[in-house]
Amino acid sequence: MGSISLNNINKSFGSTEVLKNINLDIADGEFLILIGPSGCGKSTLMNLIAGLEDLNSGEIIIDGLNVSDESPKDRDIAMVFQSYALYPTMNVARNICFGLEMNKVPKSEQESILKRVSELLQIDHLLDRKPGQLSGGQRQRVAMGRALARSPKVFLFDEPLSNLDAKLRVEMRTEIKKLHKRIGTTMVYVTHDQIEAMTLADRIAVLKDGELQQIGTPYEIYNDPVSHFVADFMGSPGMNFIECIVKDENLIIESGGKKYEILIPCKDALNKSNLDVVLLGIRPEMLTEVQPSTVGNKFIQKVKFDVEVIEPMGADTVAIGQWNETEVMVRLSPESGNSAGNGFDLQVDTSKAILFDPSSGLRLR
């Protein structure tokens, strides 16, 4: 079992508060990702779980035991670092087995573990090589193998893919997901890359300035964000945010030199807010070229859109224009034929539109 409970966690360095009253429960076998911008406290939280930093207050429970004051070696966790942290003079086999040697695991058992781990990670042909003879992806596999050799209750990953090139990151992301599916051990993974978070996680915990903003599945975080910050941080391209005047439960936007009244599904939230101006949040994929099959949907309407910039991205194309003097990104088919400097009819689907308070940034519900 490898459940984790973080109860009222606080951490400061001098007078700087890094983590503020963090409460988080991680289920046994769950893949949880801690995400947020640089300096938000995610790596510090990881180090506290590992025992590499001391708490100011709060408690850390692993598998029902309070380990807040235990040393790292007594917490039954394994950590995979960004820097790999391999011994350069040892070959792959010794790097994987070194911890087992220190714990005086019998040689025959070490060999059995090495065989299992190296085959699992597909590095059995690299056992005689030294780290300097390996690619970045291979070194990361060795670092994971060293962690796996211990069969811990919890794996901690601290931005393990940030040193890899884009293609290799995608490949290793897939390998880590397959690994979790095979072994089913609890994993806590720190990243600032929201694509990594969306593709790997069972649940995502979003941090900002040392505070937990939202915890949820990738679907919940993407489609039901609690604030402007969470909505803006998750998604690529990011969500569009347009300040709009409220008129008769509709929103006014100006696009292509014309003004439109946009119908939205969240009228109750709008009425409860009593705001004259709100922040409309809408994802680029909800703004596309007109689809004939959607005729009759009350939350879909045509809006004239002037394209300022076109960004081909292979599977789709991002077009950039303006609403209410704010940059707006829309997703188009590569075959749409639209080009910079031209206007066209844009299909606006507000069925998943979200409203935020322009002052507080909080979601209107």
Side-chain angles (χ1 to χ4, degrees), residues 170 193-195 197-199 216-225 227-247 249-267 269-270 278-356 363-364:
V170 174
D193 185 325
Q194 47 87 21
I195 295 177
M198 294 291 290
T199 54
T217 65
Y219 181 88
E220 290 166 344
I221 295 291
Y222 188 80
N223 290 292
D224 194 21
S227 66
H228 175 280
F229 171 78
V230 175
D232 189 35
F233 197 79
M234 303 302 292
S236 179
M239 180 178 277
N240 295 302
F241 299 97
I242 307 100
E243 201 167 271
C244 298
I245 294 172
V246 180
K247 181 185 176 185
E249 297 185 331
N250 294 333
L251 304 183
I252 303 299
I253 64 163
E254 185 174 339
S255 176
K258 295 182 179 180
K259 288 189 176 180
Y260 299 85
E261 287 191 32
I262 298 294
L263 182 69
I264 54 169
C266 25
K267 288 187 177 181
L270 192 60
V278 296
L279 201 60
L280 169 66
I282 189 165
R283 297 276 181 197
E285 58 266 29
M286 307 307 288
L287 308 174
T288 63
E289 60 266 44
V290 174
Q291 311 291 324
S293 60
T294 59
V295 173
N297 186 322
K298 67 177 182 178
F299 292 117
I300 292 179
Q301 66 187 87
K302 289 192 290 186
V303 169
K304 177 78 170 165
F305 190 71
D306 290 336
V307 180
E308 296 177 350
V309 177
I310 286 282
E311 295 181 348
M313 300 180 71
D316 54 18
T317 294
V318 173
I320 301 172
Q322 292 210 355
W323 281 2
N324 296 356
E325 299 181 352
T326 301
E327 189 174 273
V328 172
M329 290 184 287
V330 309
R331 295 189 98 132
L332 307 174
S333 163
E335 288 80 35
S336 65
N338 292 296
S339 59
N342 293 328
F344 70 102
D345 282 336
L346 180 70
Q347 175 176 296
V348 178
D349 182 352
T350 59
S351 59
K352 293 184 179 179
I354 299 173
L355 301 182
F356 301 93
R363 172 91 172 267
L364 299 180

Which heavy atom of [X] sits nearest a heavy atom of [Y], and at what distance?
X: Phe241; Y: Thr326; result: O-CG2, 3.3 Å
X: Ala197; Y: Met234; result: CB-CE, 4.3 Å
X: Thr317; Y: Pro312; result: OG1-CA, 4.0 Å
X: Ile242; Y: Ile282; result: CD1-CG2, 4.1 Å
X: Met239; Y: Ile354; result: CE-CD1, 3.9 Å
X: Thr288; Y: Leu346; result: O-CD1, 3.3 Å

Notebook entry, point to check: Does Asn342 have any side chain to side chain donor-acceptor pair (under 3.5 Å) partners at least two apart in sequence or in another chain, and if so, which?
Noted result: Ser339
Margin query: Has Glu289 got a side-chain atom pairing as donor or acceptor with Ser333's backbone, closer than 3.5 angstrom?
Written below: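 Yes, Glu289 side chain to Ser333 backbone: donor-acceptor pair under 3.5 Å.
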Item checked: Polar side-chain atom of Arg363 near backbone of Ala231 as donor-acceptor pair, under 3.5 Å ->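 The answer is no, because no donor-acceptor pair under 3.5 Å joins these two groups.
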Straight-line distance of [X] [atom1] to [Y] [atom2], nearest 0.5 Å:
X: Arg283; Y: Asn223; atom1: CZ; atom2: CG; answer: 7.0 Å
X: Thr350; Y: Leu280; atom1: OG1; atom2: CG; answer: 8.0 Å
X: Met286; Y: Ile300; atom1: CE; atom2: CD1; answer: 7.5 Å
X: Gln291; Y: Gln347; atom1: CD; atom2: CD; answer: 5.5 Å
X: Met313; Y: Leu332; atom1: CE; atom2: CG; answer: 12.0 Å

Checklist line | Name of the residue among Val318, Ile320, Val330 meeting side-chain contact (heavy atoms from CB on, under 4.5 Å) with Pro237 | finding: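 When side-chain contact (heavy atoms from CB on, under 4.5 Å) is applied between Pro237 and each of Val318, Ile320, Val330, only Val318 qualifies.
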List the atom pairs, with distances to 0.1 Å, where a side-chain N or O of residues 250-265 and a protein N or O form a donor-acceptor pair under 3.5 Å, not counting sequence neighbours.
from: Asn250; atom 1: ND2; to: Glu261; atom 2: OE1; distance (Å): 3.3
from: Ser255; atom 1: OG; to: Lys304; atom 2: O; distance (Å): 2.5
from: Ser255; atom 1: OG; to: Trp323; atom 2: NE1; distance (Å): 3.1
from: Tyr260; atom 1: OH; to: Lys304; atom 2: N; distance (Å): 3.0
from: Glu261; atom 1: OE2; to: Lys247; atom 2: NZ; distance (Å): 3.2

Check: Looking at side-chain heavy atoms only, is the closest gap between Gln322 and Asp306 below 4.5 Å?
Finding: no
Item checked: Asn324 vs Glu243 side-chain heavy atoms within contact, under 4.5 Å -> no
Next item on the list: Hey, can you tell me if His228 and Phe356 have their rings parallel, tilted or perpendicular (30° and 60° cut-offs)?
Entry: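 Because their plane-to-plane angle is over 60°, the rings of His228 and Phe356 count as perpendicular.
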